[in-house]
Amino acid sequence: MQQAIENISDIKIGFPGQAQEQGNIPFLQLRQFNEDGMLFTNDADFIKLTEKIGPHVLQNGDVLFVGKGHRLFAWCYIEKNIPTVASSSFFVIRPNTKKIHPEYLAAILNAPQTKTALMQLGGGTNIFSIRKSELAAFQIPVLPMDQQIRVASLASFHQKEIQLAKELISQKQSLYSAIISKLIK
């Protein structure tokens, strides 16, 4: 069964502020994510938690979606007992967990066919972007919850496998460079 994202979640824009030197909570920025949409650095920017920022603190299972620029991706936030805020580079999608599993939503948004469909929806003369209304109206398949959990597990396993393969390639390149360097000396 297909559902519009707005019928199974709430969508808002991340906090439109800047990182602060005196900040005390992590402030997620686009540059902290690799080309596959995975958080790759612990070098967090920070922002000061205030009443104004309070409503923007992420909740467990919030899905961050980048709908601007040359890469689209979704990432599911898993709470680590540290309040965290996403920048305005992200749409923050808060799934209704009775209807949709957060990691399943991220997996569907990261699927190649979804990205292709979203690229056809969006626009922009210089920088591609998807409007909030377009994202909200976008239809995704909503499977029974047990199947959603299996799809989410498959997507997680796939991402880990890709990461391990990249690490293996990097180690092989380093080994090759070391061997060649010794042979040339």
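Along the sequence shown, residues are numbered consecutively beginning with 1. Not measured: the values here are computed from a predicted model.
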For Phe91 and Leu64: C-alpha separation, side-chain torsions, deciding distance, then whether side chain to side chain contact (heavy atoms under 4.5 Å, CB included) applies. CA-CA 6 Å; Phe91 288 108; Leu64 304 186; over 6 Å; no
Side chain to side chain contact (heavy atoms under 4.5 Å, CB included) assessment of Met38 paired with Gln159: CA-CA 9 Å; Met38 302 300 295; Gln159 282 297 330; 3.5 Å; yes
Yes or no on side chain to side chain contact (heavy atoms under 4.5 Å, CB included) for Val66 and Phe90, after CA distance, side-chain angles and deciding distance? CA-CA 5 Å; Val66 176; Phe90 300 97; 3.4 Å; yes
Kindly determine whether Gln20 and Asp45 satisfy side chain to side chain contact (heavy atoms under 4.5 Å, CB included), including the steps that lead there. CA-CA 8 Å; Gln20 303 164 343; Asp45 290 316; over 6 Å; no
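Side-chain N or O atoms of Thr84 include one that pairs as donor or acceptor with a backbone N or O of Ile82 at under 3.5 Å. Here the side chain of Gln32 pairs a donor or acceptor atom with the backbone of Gln29 at under 3.5 angstrom. Under a 3.5 Å cut-off, the side chain of Ser87 and the backbone N or O of Leu28 do form a donor-acceptor pair. Judged purely by atom type and a 3.5 angstrom limit, Thr114 uses its side chain to pair as donor or acceptor with the backbone of Ile108. No donor-acceptor distance shorter than 3.5 angstrom exists from the side chain of Lys68 to the backbone of Phe128, with no hydrogens or angles considered. Under a 3.5 Å cut-off, the side chain of Lys132 and the backbone N or O of Lys12 do not form any donor-acceptor pair. Without hydrogens or angle criteria, Gln171 side chain to Leu168 main chain gives no donor-acceptor distance under 3.5 Å. Side chain of Asp62 to main chain of Val92: no donor-acceptor pair is present (N/O by atom type, distance under 3.5 Å, no hydrogens or angles). Under the 3.5 Å distance criterion, the side-chain polar atoms of Asn110 are matched with a main-chain donor or acceptor of Ala106.
Here the side chains of Leu39 and Trp75 are in contact, with some heavy-atom distance below 4.5 Å. The closest side-chain heavy-atom distance from Ser88 to Phe15 is not below 4.5 Å. Residues Gln148 and Val142 have side chains in contact (heavy-atom distance under 4.5 Å, counting atoms from C-beta outward). Between Asp146 and His101 the shortest side-chain heavy-atom distance does not fall below 4.5 Å. Looking at Leu105 and Ile140, their side chains come closer than 4.5 Å, going by heavy atoms from C-beta outward. Considering only heavy atoms from C-beta on, Asp10 stays 4.5 Å or farther from Asn96 through its side chain. Side-chain contact between Ile179 and Ser177 is absent, with no heavy-atom pair separated by less than 4.5 Å. Using a 4.5 Å heavy-atom threshold, the side chains of Lys166 and Ile162 count as touching.
Taking hydrophobic clusters as Ile, Leu, Val, Met, Phe, Trp and Tyr residues chained together by side-chain heavy-atom distances below 4.5 Å, Val151 shares a cluster with Ile5. Tyr77 is not connected to Ile53 by any chain of hydrophobic side-chain contacts under 4.5 Å among Ile, Leu, Val, Met, Phe, Trp and Tyr, and they are in different clusters. Note on Met119 and Leu121: same hydrophobic cluster, where clusters join Ile, Leu, Val, Met, Phe, Trp and Tyr whose side-chain heavy atoms are under 4.5 Å apart, directly or indirectly. The cluster map of Ile, Leu, Val, Met, Phe, Trp and Tyr, joined by side-chain heavy atoms under 4.5 Å apart, puts Ile93 and Leu118 in the same cluster. Linking Ile, Leu, Val, Met, Phe, Trp and Tyr whenever their side-chain heavy atoms come within less than 4.5 Å puts Phe138 and Ile13 in one cluster.
A 6.0 Å sphere centred on CZ of Arg71 holds more than 12 heavy atoms belonging to other residues, nucleotides or ligands. Within a 6.0 Å sphere centred on CD of Gln2, other residues, nucleotides and ligands contribute more than 12 heavy atoms. Counting heavy atoms of neighbouring residues, nucleotides and ligands inside a 6.0 Å radius, atom CD of Gln18 does not exceed 12 of them. Other residues, nucleotides and ligands contribute at most 12 non-hydrogen atoms within 6.0 Å of the CD atom of Glu21.
The two atoms that bring Asn24 and Lys48 nearest to each other are OD1-CA, 3.3 Å, heavy atoms only. Taking both residues in full, the closest heavy atoms of Pro95 and Ser9 are given as CA-CB, 3.6 Å, listed atom of the first, atom of the second, then distance. The minimum heavy-atom distance between Pro102 and Val63, with the atom names listed, is O-CG2, 3.4 Å. Considering every non-hydrogen atom in both Pro55 and Lys52, the closest pair reads CD-O, 3.5 Å.
The distance from atom CG of Asn60 to atom CZ of Arg94, rounded to the nearest 0.5 Å, is 10.5 Å. Atom CD1 of Ile149 sits about 13.0 Å away from atom OG of Ser156, to the nearest 0.5 Å. From Ile180, atom CD1 reaches atom NZ of Lys185 across 13.0 Å, with rounding to the nearest 0.5 Å.
For the ring pair (Phe, Tyr, Trp, His ring centres under 6.0 Å) with Phe33, the lone residue among Phe73, Phe40, Phe65 that qualifies is Phe73.
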